[in-house]
Amino acid sequence: MHLKLLIVALALILTAITLPCYGEDLLDVYRQARVNDPVLAQANAQRLVTHEGVNQARSALLPHLAASLKLSQQHGADNSSISQFRDSGMGHARIRNVSFTLTQSVMNFSQIDNLHAAHASAHAEDERYAAAEQNLYVRVATAYFNVLTAQDKLSYARANENAYKQQYEQASQRFKVKLSAITDVYQARSYYESAKAKTLAAQNLLNDAREALIQITGNPLGTLKRLHGNLLLNAPTPANPKVWVEKALKNNPQLIAQSNAVNAAQERIKAARAEHLPELNASVSRGKNTTWLQRASAAGIPGNGRYQTVIGLSLSVPIFSGGNTLSLVRQSIYQRDAARDVLENTRRKVKRDALNYYRLVIAGISQVQSGKAAVEYAQKTLDATRAGFKVGTKTMTDVLLAIQALTQSESIYSQNRQQFILDKLRLAQTVGTASMKNLRNINMLLQ
């Protein structure tokens with residue numbers, strides 16, 4: 001009777017694990033993350049910061065207009081026209097200067113190269129932001145499936161705990177009526193206590209997985225939809241890893257960003273070297289000086305000056321700057337070399353990731369198929385073990401081990417399915433094609 005209750009309870013638990021649930025799906029979670037994720041917001045802010053560098057570099061090549069007003073008071077002036085009035089007791093002189101100056105850079109190669117560098121940096125940051133967008137798809141999907149995996153582990157842990165509890169109670173009852181030895185009770189209790197500890201660990205794992213997802217979305221989560229039973233195990237097309245590597249080296253946004261960073265560094269070298277070259281600026285200035293004396297009105301002395309316009313060209317030829325320009329050139333070269341090293345390292349990593357995720361997807365197909373077969377055979381083993389226990393050919397230990405094998409196979413199968421989906425998404429990210437379409441396709445697998 002107790003064994004029948006155990007079988008029914010275990011069947012209900014394992015069935016409940018695969019029942020469809022209704023709640024938030026992957027797209028719901030992504031929409032929240034898109035609005036609230038601080039990592040993506042930081043990437044966007046950094047992109048805007050870099051684009052302002054273009055405006056600042058361009059401003060150096062555009063006209064500059066300045067106005068000035070200067071007031072001064074002069075005592076003991078050397079100017080004879082002022083001194084005579086001072087000597088005659090007319091007091092000190094006051095001077096007011098008003099001017100407007102328009103300047104325009106005519107030839108400044110350093111500023112032009114700085115503008116080119118700013119454009120290259122802006123392009124690099126655009127690509128980094130595109131990479132951050134694609135990374136958000138992967139981070140959301142990974143965190144989402146981590147929650148589902150943790151939920152599975154908790155469900156299987158609880159299934160184990162409940163099954164072992166039933167076995168422990170049955171062993172205790174059989175010992176009381178002298179149908180089994182005390183060692184069966186001790187063994188069943190040992191399995192039960194171990195299962196309880198694993199359930200607590202699984203609960204903590206689930207809590208942390210949910211917090212990791214909340215860290216991205218910024219909002220509490222409801223019930224998450226789960227993968228349904230059917231999963232298409234499609235291999236990457238074309239089935240040639242070299243093609244995927246070539247696509248990654250051509251389209252990966254992180255690689256493109258670093259390539260633009262190298263271009264920006266090269267332009268900064270040119271800008272530093274251009275500091276040795278002459279600079280030519282044009283200017284137009286219009287202003288007037290007004291001088292008036294204390295008690296000048298009594299003497300009939302006019303106070304207002306006349307406006308004057310000055311137009312000119314200014315040529316500046318750098319000769320020696322204490323070695324600063326040479327140091328700037330060397331510094332820019334070192335920065336360019338460092339950027340090239342980062343580019344090469346990024347290129348190698350992208351190549352490695354493309355090959356790795358391609359192989360993981362291929363291997364994942366077999367892993368999912370093997371996992372499914374393992375679950376089927378584990379279920380058959382458990383059924384046969386139970387039947388053998390009824391007729392006395394199997395022991396309680398055999399039943400406990402069969403239950404443990406089934407739940408472990410279920411857990412591995414669930415993880416393999418979810419990992420296969422994530423590996424396909426990461427492959428798309430590596431080749432620079434991860435998009436909302438990928439998330440929609442994954443979301444269609446949820447129920």
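Just the heavy atoms: all of them, side chains too, but no hydrogens, waters or symmetry mates, feed the values below. Here the structure is a predicted model, which means the values were calculated and not measured.
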* Gln308, CD: over 12 other non-hydrogen atoms inside 6.0 angstrom -> no
* Is the number of heavy atoms from other residues, nucleotides or ligands within 6.0 Å of CZ (Arg286) greater than 12? -> yes
Salt-bridge test for [X] and [Y]: reply yes if a basic N is under 4.0 Å from a carboxylate O, no otherwise.
X: Glu376; Y: Lys380; answer: no
X: Arg34; Y: Glu133; answer: yes
X: Arg347; Y: Glu344; answer: yes

Please answer whether the main-chain N or O of [Y] pairs with a side-chain N or O of [X] as donor and acceptor at a distance below 3.5 Å.
X: Thr142; Y: Val138; value: yes
X: Asp28; Y: Asp25; value: yes
X: Thr199; Y: Ala157; value: yes

[Y] and [X] side chains, donor-acceptor separation under 3.5 Å:
X: Thr407; Y: Asn160; result: yes
X: Glu24; Y: Thr223; result: no
X: Asn443; Y: Arg440; result: no
X: Ser321; Y: Thr325; result: yes
X: Arg268; Y: Ser121; result: yes
X: Asn219; Y: Gln32; result: yes

Note, [X] side chain near [Y] side chain (heavy atom, < 4.5 Å):
X: Arg139; Y: Gln134; value: no
X: Leu213; Y: Leu224; value: yes
X: Asn260; Y: Asn263; value: yes

Taking all atoms of both residues into account, what is the closest heavy-atom pair of [X] and [Y], and its distance?
X: Ala202; Y: Leu154; answer: CB-CA, 3.7 Å
X: Leu249; Y: Leu255; answer: O-CD2, 3.3 Å
X: Gln258; Y: Ala339; answer: NE2-O, 3.1 Å

* To do: Using the six-membered ring wherever Trp is involved, compare the ring planes of Tyr192 and Tyr168 and label them parallel, tilted or perpendicular (cut-offs 30° and 60°).
  =>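 Geometry flag for Tyr168 against Tyr192: parallel rings.
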* **From CD (Glu161) to CG (Leu200), nearest 0.5 Å** =>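 Atom-to-atom, Glu161:CD and Leu200:CG are 7.5 Å apart.
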* Which residues pass the side chain to side chain contact (heavy atoms under 4.5 Å, CB included) test with Arg330, sequence neighbours left out? -> Leu326, Ser327, Tyr334
* To do: Output all residues satisfying side chain to side chain contact (heavy atoms under 4.5 Å, CB included) with Leu360, sequence neighbours left out; order by chain, then residue number.
  => Asn356, Tyr357, Asp423
